[in-house]
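Naming: A, B, ... by sequence-line order, numbering from 1 per chain. Keep in mind that the numbers below use all heavy atoms, side chains included, and drop hydrogens, waters and symmetry copies.
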Protein chains: 2
Amino acid sequence: MTYASEHIAVALREARENKGLSQRELSKRSGVPQSHISKIESNNVDLRLSSLASLAHALDLELALIPRKAAPAVRSITRSTTLQSDRGNADALRELVRAQRALAALPAAMHDSGAAQTLQKNLSEMNNFRNVIQESDALRQMRIAIETVSNSDGMKRLQEIAKDAQRIRNMLAHSIGQISNETARSKPAYRLDEEDSDG
Amino acid sequence: MTYASEHIAVALREARENKGLSQRELSKRSGVPQSHISKIESNNVDLRLSSLASLAHALDLELALIPRKAAPAVRSITRSTTLQSDRGNADALRELVRAQRALAALPAAMHDSGAAQTLQKNLSEMNNFRNVIQESDALRQMRIAIETVSNSDGMKRLQEIAKDAQRIRNMLAHSIGQISNETARSKPAYRLDEEDSDG
DNA sequence: AGAAATGATCTACTTTAATATATCGATACA
DNA sequence: TGTATCGATATATTAAAGTAGATCATTTCT
């Protein structure tokens, strides 16, 4: 609406997309209705501080009032911590989240197997490469495989998937060696727990 | 109201007091009614982004959404630029502003005199010592003297006042030598112009 | 004692954010 | 082709922010 709120709207949308969240997912986390999030991100509403705080909290952001003369320094810090993902990265992030969910949704029986645990560990470690991850296709196939594993003959298939995951993780760990080591950890890792925590 | 808004409320009040503004003065600058500012600073209202933006703008503040992990760094920057004044300092700042106003309100005739100009220069330079200035009594007497100068026999009295101002300024300039030189300039200087600028 | 400025509080009225819910067209996938 | 999810919109209702303006008790200075 106003000029000042435009930056806020853009910042919120970018933060959400960088976390691979849909508006409906963010709605669940923040308690703000999806329809309202849409209006906010489109800068079509003069939102209240409580709404902004809810969204910011759900996005691991903090609201700050900074002196104008300190603003450039703050912007540079924020920029360095918020390298926005390219399209392929965002896709990959989304698939990674889906894969974790699919794994979590598996029946308890096979969820305790060694294969499932190494799979979970590898998916979890991939979160450390949120910035560089690009393998959306591989992750999508893995997600689908996980989703269908309960239907097929189970354990054997799960072991293969776990091996695939290990392979992808190793590749990421290798590639990260020749990129800056700090930027790789600059984004907060997605956590599957705390699904609907606050109120 | 909410927990998150408490910091905002406190930050706004501190910023206002550090600038030596009353709620009514800030109201004129920001367009937000004084009664509303009172409620906002008391954290008794869930204010809208537009209100917050208006106040922030009038106080030379900027609203920022920063990643949680960058928050400590940002806080430290903000702290270093926003050393809040102690009570005596705030009083002195208020008197300084009043003195500048009193000088500006002087009739044009004596406003052009050399004494008035050196007085203005010295008052202006005192703004560079916003953090350390404590001489509220001296400044109050000076302000009163300026206010009454138009009634008495004028020019001669004004010259004495200008000398007093010079003396205070020199003392401040001397004391600042043995304090950090950067903190002395860390607060934005008050500017008498731009009285009612925005809308 | 009187005058002036402070922040907090009240009234009355208008505007609008926020919510719950449903739906829309578009895109992606089987 | 049918299913699912995406963001954007529409509706109706409720709760509360925002505004203008007066008033109050305190404090400060004449």
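- A straight line from CG of B:L12 to P of C:dG7 spans 14 Å, rounded to a whole angstrom.
- Direction of the helix axis in the helix from C:dA1-D:dT30 to C:dA30-D:dT1 shifts by 40° between the two five-pair termini, rounded to 10°.
- In this structure, the side chains of B:R29 and B:L21 come closer than 4.5 Å at one or more pairs of heavy atoms.
- Note: A:L52 CG to A:I40 CD1 = 8.0 Å, rounded to the nearest 0.5 Å.
- A salt bridge links A:K19 to A:D60: one of the charged nitrogens lies within less than 4.0 Å of a carboxylate oxygen.
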Discussion item. Each nucleotide in nucleotides 4-9 of chain D should get exactly one letter: B, S or -. Can you fill that in based on protein heavy atoms under 4.0 Å?
Written reply: --BBBB
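- Remark: A:R16 does not engage A:E25 in a salt bridge, criterion side-chain N to carboxylate O under 4.0 Å.
- In terms of heavy atoms, A:A64 sits closest to B:I66 at CB-CD1, 4.1 Å.
- For the pair B:L47 CG and C:dT16 C1', the computed distance is 15 Å after rounding to whole Å.
- Between atom CG of residue A:L12 and atom CG of residue A:L59 there is a gap of 6.5 Å, rounded to the nearest 0.5 Å.
- Atom OG of residue B:S38 and atom CG of residue B:N44 lie 8.0 Å apart, to the nearest 0.5 angstrom.
- The distance from atom CD of B:E17 to atom CD of B:E41, rounded to the nearest 0.5 Å, is 7.0 Å.
- Whole-Å rounding puts the B:D46 CG to C:dA17 P distance at 12 Å.
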